[in-house]
Amino acid sequence: MAEDLNITTSTNKAEQYRSLLPQIEALLTGEPDLIANLANVCAALKEQFKWFWVGFYLVKGNELVLGPFQGPVACTRIGLGRGVCGAAWQQEKTLIVPDVDAFPCHIACSSLSKSEIVLPFFNDGKVVGVLDVDSSELDEFDDTDAVYLQQIIELVNFK
Ligand code: SME
């Protein structure tokens, strides 16, 4: 496919995701390389939503290690249970944090990040990484984001 993204001007979040989903699916189709695919997912999400930071951390040994991302430089390694990312990994569930300053042990890669959503993803029943999205606005993320971001990561083959 052409590598141009069609950015919808709709201000409805669900509509934005619905416009993006088939385009991400097309971007991933036929490409087996995980890093290439994660990089394009980040770029597509960042381009549509203009969030402060969008990126992946991948489980390597007993740590999450920074993977493809869009946004300012970020911490490279996160231990199990540390920060929102490490907590989502440990608890094996999506975490929505409306105010990162109120989250115990939040890892502040940037003081500009105000709210966050982290989704773990799995291979053979084990967490193999997380998708982390940060906003410079408080209370940016809700169940709509959780549902559609989940659909997006399910398009990726993490094997
Ligand atoms: N804030 C995250 C760390 C990663 S950066 O936000 C990119 C956390 O608490 O896990």
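Please read these numbers as outputs of a predicted model, since none were measured by experiment. First listed ligand is number 1; within each ligand, the first listed atom is number 1.
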Undergrad: For ligand 1, indicate whether the residue D132 contacts it via side chain, backbone, both or neither (heavy-atom separation under 4.0 Å).
TA: side chain
Undergrad: Are any of the N or O atoms of E116 closer than 3.5 Å to those of ligand 1?
TA: yes
Undergrad: Output the distance between atom CD (Q23) and atom CG (N40), rounded to the nearest 0.5 Å.
TA: 11.5 Å
Undergrad: What residue and heavy atom of the protein are closest to atom 10 (O) of ligand 1, and at what distance?
TA: C85 N, 2.8 Å
Undergrad: What part of W53 sits under 4.0 Å from ligand 1 if we count only heavy atoms: the side chain, the backbone, both or neither?
TA: side chain
Undergrad: Contact between L131 and L149 at the side-chain level, heavy atoms closer than 4.5 Å - yes or no?
TA: yes
Undergrad: Can you report which non-hydrogen protein atom sits closest to atom 6 (O) of ligand 1, along with the distance?
TA: D134 OD2, 2.8 Å
Undergrad: Would you confirm whether the ring centroid of W51 sits within less than 6.0 angstrom of the ring centroid of F141?
TA: yes
Undergrad: So, using side-chain contact (heavy atoms from CB on, under 4.5 Å) as the criterion, who are the partners of N12 when residues are at least two apart?
TA: S10, A14, E15
Undergrad: Give me the nearest non-hydrogen protein atom to atom 5 (S) of ligand 1 as residue plus atom name, then the distance to 0.1 Å.
TA: C109 SG, 3.1 Å
Undergrad: According to a 4.5 Å side-chain heavy-atom criterion applied to Ile, Leu, Val, Met, Phe, Trp and Tyr, with indirect links allowed, do L45 and L66 form part of one hydrophobic cluster?
TA: no
Undergrad: Does at least one non-hydrogen atom of Y57 fall below 4.0 angstrom from an atom of ligand 1?
TA: yes
Undergrad: Are the aromatic rings of Y17 and F49 close, with centres under 6.0 Å apart?
TA: yes
Undergrad: Can you sort out which atoms of ligand 1 are near A74, meaning under 4.0 Å from one of its heavy atoms?
TA: 7 (C)
Undergrad: Can you sort out the partners of K159 under salt bridge (charged side-chain N to carboxylate O under 4.0 Å, His left out), two or more places apart, ordered by chain and number?
TA: D124
Undergrad: Starting from atom 8 (C) of ligand 1, what is the nearest protein heavy atom, named by residue and atom, and what distance separates them?
TA: V84 N, 3.3 Å
Undergrad: With clusters defined by side-chain heavy atoms of hydrophobic residues (ILVMFWY) lying less than 4.5 Å apart, directly or transitively, does I107 cluster with W53?
TA: yes
Undergrad: To the nearest 0.1 Å, how far is atom 1 (N) of ligand 1 from its closest protein heavy atom, and which atom is that?
TA: I107 O, 2.7 Å
Undergrad: Can you find an N/O atom of R82 closer than 3.5 Å to an N/O atom of ligand 1?
TA: no
